[in-house]
Structure formats: structure tokens, C-alpha cells
Amino acid sequence: MVFLTLHTNSAAESMVRLLDLGMDSFNFSDALLGILAQRLARRYCDVCKQAYATANDEMTALAEEYCMG
């Protein structure tokens with residue numbers, strides 16, 4: 001069942017839009033699976049992808065901006 005459509009220019013913007021709509025973090029992971037299932041996010045090949053470790057201050061800044069505001 002589809003309750004709404006997202007009008008964004010990229011998959012990354014769709015995640016921000018979901019947060020702007022007030023989606024709680026519990027349901028957010030299911031929404032991300034839907035975005036990936038529709039192939040709205042790009043996938044990198046095994047040669048191109050690189051691991052990235054997020055620093056604690058980056059995680060705190062993201063949490064403050066999107067989750068705690």
C-alpha cells in the first residue's frame with residue numbers, strides 16, 4: 001500500500017525528505033529498504049567501493065541535525 005510519493009532529485013534527498021516528513025527512526029530502516037529495492041540508490045562495483053569509518057563528531061553532528069531537532 002502506498003501512502004505518499006516522494007518528489008526528490010536523488011536517493012540521498014529522499015532520506016532527508018523522509019526525515020523532514022517526521023518519520024521515526026524505527027520505521028526509517030524499512031523505508032531505506034524500499035528505496036534500495038526500487039534501485040533508487042546507486043551501487044558501487046567491488047573495485048570502486050571503499051570502506052569509510054565515520055568519526056564520532058560526524059555522527060553526533062548528523063544525529064543533532066536530523067534526529068534530535
Side-chain angles (χ1 to χ4, degrees):
M1 211 172 179
V2 177
F3 292 106
L4 62 97
T5 59
L6 293 175
H7 299 283
T8 60
N9 294 324
S10 68
E13 288 180 23
S14 63
M15 291 182 273
V16 175
R17 180 71 178 131
L18 288 173
L19 291 172
D20 288 342
L21 290 171
M23 178 170 278
D24 62 347
S25 59
F26 180 73
N27 294 327
F28 192 71
S29 62
D30 292 331
L32 287 179
L33 289 176
I35 291 168
L36 292 173
Q38 293 179 20
R39 296 188 182 114
L40 298 176
R42 293 182 181 161
R43 293 184 61 196
Y44 293 107
C45 69
D46 293 331
V47 177
C48 298
K49 65 182 175 182
Q50 298 176 3
Y52 178 77
T54 307
N56 285 337
D57 57 337
E58 289 177 305
M59 290 297 291
T60 303
L62 288 171
E64 288 175 358
E65 184 175 350
Y66 293 110
C67 300
M68 298 177 189

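For D46, the side chain to side chain donor-acceptor pair (under 3.5 Å) criterion is met by K49, not counting sequence neighbours. In this view, Q50 satisfies the side chain to side chain donor-acceptor pair (under 3.5 Å) rule with no residue, not counting sequence neighbours.
The neighbour count for N56 CG, taken as heavy atoms of other residues, nucleotides or ligands under 6.0 Å away, does not exceed 12.
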